[in-house]
There are 2 protein chains.
Amino acid sequence: MARPRTFDEKQVLNAVRDQFWDAGYAATSLEDLMRVSGLGKGSLYAAFGDKRQLFLRVLNSYTEANHGRLREALAGAPRALDALRMLIEAPVDDPAGTRRGCLMANSASELGNADPEVLAHAHRTYETSTALIGDCVARAQREGDLPAEADPVALARALLAAQQGLVFMSRTGMDTATLTATARSLATRLLPTSADD
Amino acid sequence: MARPRTFDEKQVLNAVRDQFWDAGYAATSLEDLMRVSGLGKGSLYAAFGDKRQLFLRVLNSYTEANHGRLREALAGAPRALDALRMLIEAPVDDPAGTRRGCLMANSASELGNADPEVLAHAHRTYETSTALIGDCVARAQREGDLPAEADPVALARALLAAQQGLVFMSRTGMDTATLTATARSLATRLLPTSADD
DNA sequence: CTTATGGTGGACCGAACGGTCAAGAACTAC
DNA sequence: GTAGTTCTTGACCGTTCGGTCCACCATAAG
């Protein structure tokens with residue numbers, strides 16, 4: 001009935017996400033968004049609304065994708081403890097050139113005070129992550145790999161904080177070897193097993 | 001010989017620091033800086049150079065002040081272990097209204113990809129912090145409060161990562177009680193004592 | 001006093017910003 | 001074919017940006 005779109009929405013959102021991820025929200029101009037998406041201003045506005053709406057949409061799809069991957073990783077691991085270890089050591093695998101940190105964390109840092117919605121989104125994201133990790137901790141306890149007396153949620157929060165801290169250090173350009181050592185150090189202390197002692 | 005300045009440099013730098021801290025670098029305009037400092041554009045430029053130079057100067061004095069305070073806290077504590085505990089639990093004390101995170105961390109997140117100098121500064125900062133904390137860990141080991149077999153620097157890095165992670169969670173608006181519990185959870189696991197076991 | 005020196009504040013600049021809009025192009029339904 | 005609808009493009013708008021510049025001012029030295 002009408003002219004069809006010439007762009008793929010997912011591709012555009014990915015390109016826009018990378019731009020925001022690389023430069024931050026404020027430092028990304030509409031011209032940047034036009035360049036990376038290949039769309040004109042009018043098309044961008046008609047399809048996604050203004051800059052902030054587009055950003056929030058990107059942020060949402062980013063965290064949803066992240067949670068999906070986290071869910072898979074935690075559910076798919078043969079032993080829950082392995083999944084938790086990988087969670088902590090994952091930040092290390094980022095190639096040295098692409099240490100952009102976590103888009104959600106970067107955005108919360110940049111826009112926290114100015115945009116309560118971003119802060120609220122970050123808060124919700126961490127709650128969901130905590131729940132996912134907490135379930136995995138409980139499973140590891142049932143599997144006998146973690147002491148049963150620990151509170152799964154408290155440990156999950158500790159793991160999440162440690163992971164975010166690691167992502168941060170990674171972003172500052174810490175060399176891979178040191179980063180790996182730090183991740184191991186944290187994993188060993190936060191995820192004690194009888195083998196470690 | 002000439003007209004004296006009518007402003008106090010430290011006051012101006014503090015005001016400017018708070019502005020950058022609240023709004024971030026890109027979202028802070030020269031008009032904002034004029035408002036919070038009470039100076040005209042000409043005075044700002046004559047005294048501190050352009051926006052970026054002023055920002056870098058603020059960042060430097062911020063981290064220096066932070067390291068000074070850290071040095072004092074670590075050196076002044078009767079027992080080193082107490083200082084390390086306080087290091088981890090400090091993020092909790094931030095009043096709920098002023099959860100602005102760490103200026104250095106926020107800046108690295110916002111400008112990391114765009115300004116290598118900021119990234120390098122963050123890297124140097126973390127190295128210095130690690131050294132300070134590492135010394136304190138070694139002292140705690142000498143005082144018999146921490147297992148002697150652990151590598152002080154590795155533990156220092158783990159503590160630093162955990163602390164940065166906590167500051168992050170604090171920034172997202174996590175309620176104080178949960179934040180406290182998370183800090184305790186981390187402190188207990190990263191700083192084990194015979195009493196805790 | 002006069003003069004030299006540096007501080008101050010605001011007018012001014014070109015560029016870039018986010019956002020709007022209208023005219024035309026590409027498609028489907030008929 | 002024609003009509004109707006959506007998408008695309010780029011010109012255009014007012015605002016704000018970071019930065020420069022200069023006339024003016026307050027002081028100290030002589």
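Every chain is numbered from 1 and lettered A, B, ... according to where its sequence line falls, protein lines coming before strand lines. No hydrogens, no waters, no symmetry mates; every other heavy atom, side chains included, goes into these values.
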* Asked: In terms of side-chain heavy atoms, does B:T63 have a donor or acceptor partner in B:N66 at a distance below 3.5 Å?
  -> no
* What is the distance from CZ of A:F55 to P of C:dG18, rounded to the nearest Å? -> 13 Å
* Stacked cation flag B:K51 on B:Y25, 6.0 angstrom / 45 deg -> yes
* **Under-4.0 Å side-chain N/O to phosphate OP1/OP2 contact, B:T6 with D:dA26** => no
* Specify the separation, in whole Å, of atom CG of A:L39 and atom P of D:dT6. => 19 Å
* If you draw a 6.0 Å radius around CZ in A:R184, do more than 12 non-hydrogen atoms from other residues or ligands fall strictly inside? -> no
* Asked: Quick one: do the A:N106 and A:S109 side chains pair a donor with an acceptor below 3.5 Å?
  -> no
* Distance in angstrom units between A:F20 CZ and C:dG18 C1', rounded -> 12 Å
* **Residue from B:N113, B:L119, B:V118 passing side chain to side chain contact (heavy atoms under 4.5 Å, CB included) with B:D115** => B:V118
* Asked: Do A:Y45 and A:F7 share a hydrophobic cluster (ILVMFWY, side-chain heavy atoms under 4.5 Å, transitive)?
  -> yes
* Base, backbone or nothing for each nucleotide of nucleotides 17-25 of chain D, written B, S, -, heavy atoms under 4.0 angstrom, 5' to 3'? -> SBBBB---B
* **Whole angstrom value for the distance that separates P of C:dG7 from CE of B:M34** => 18 Å
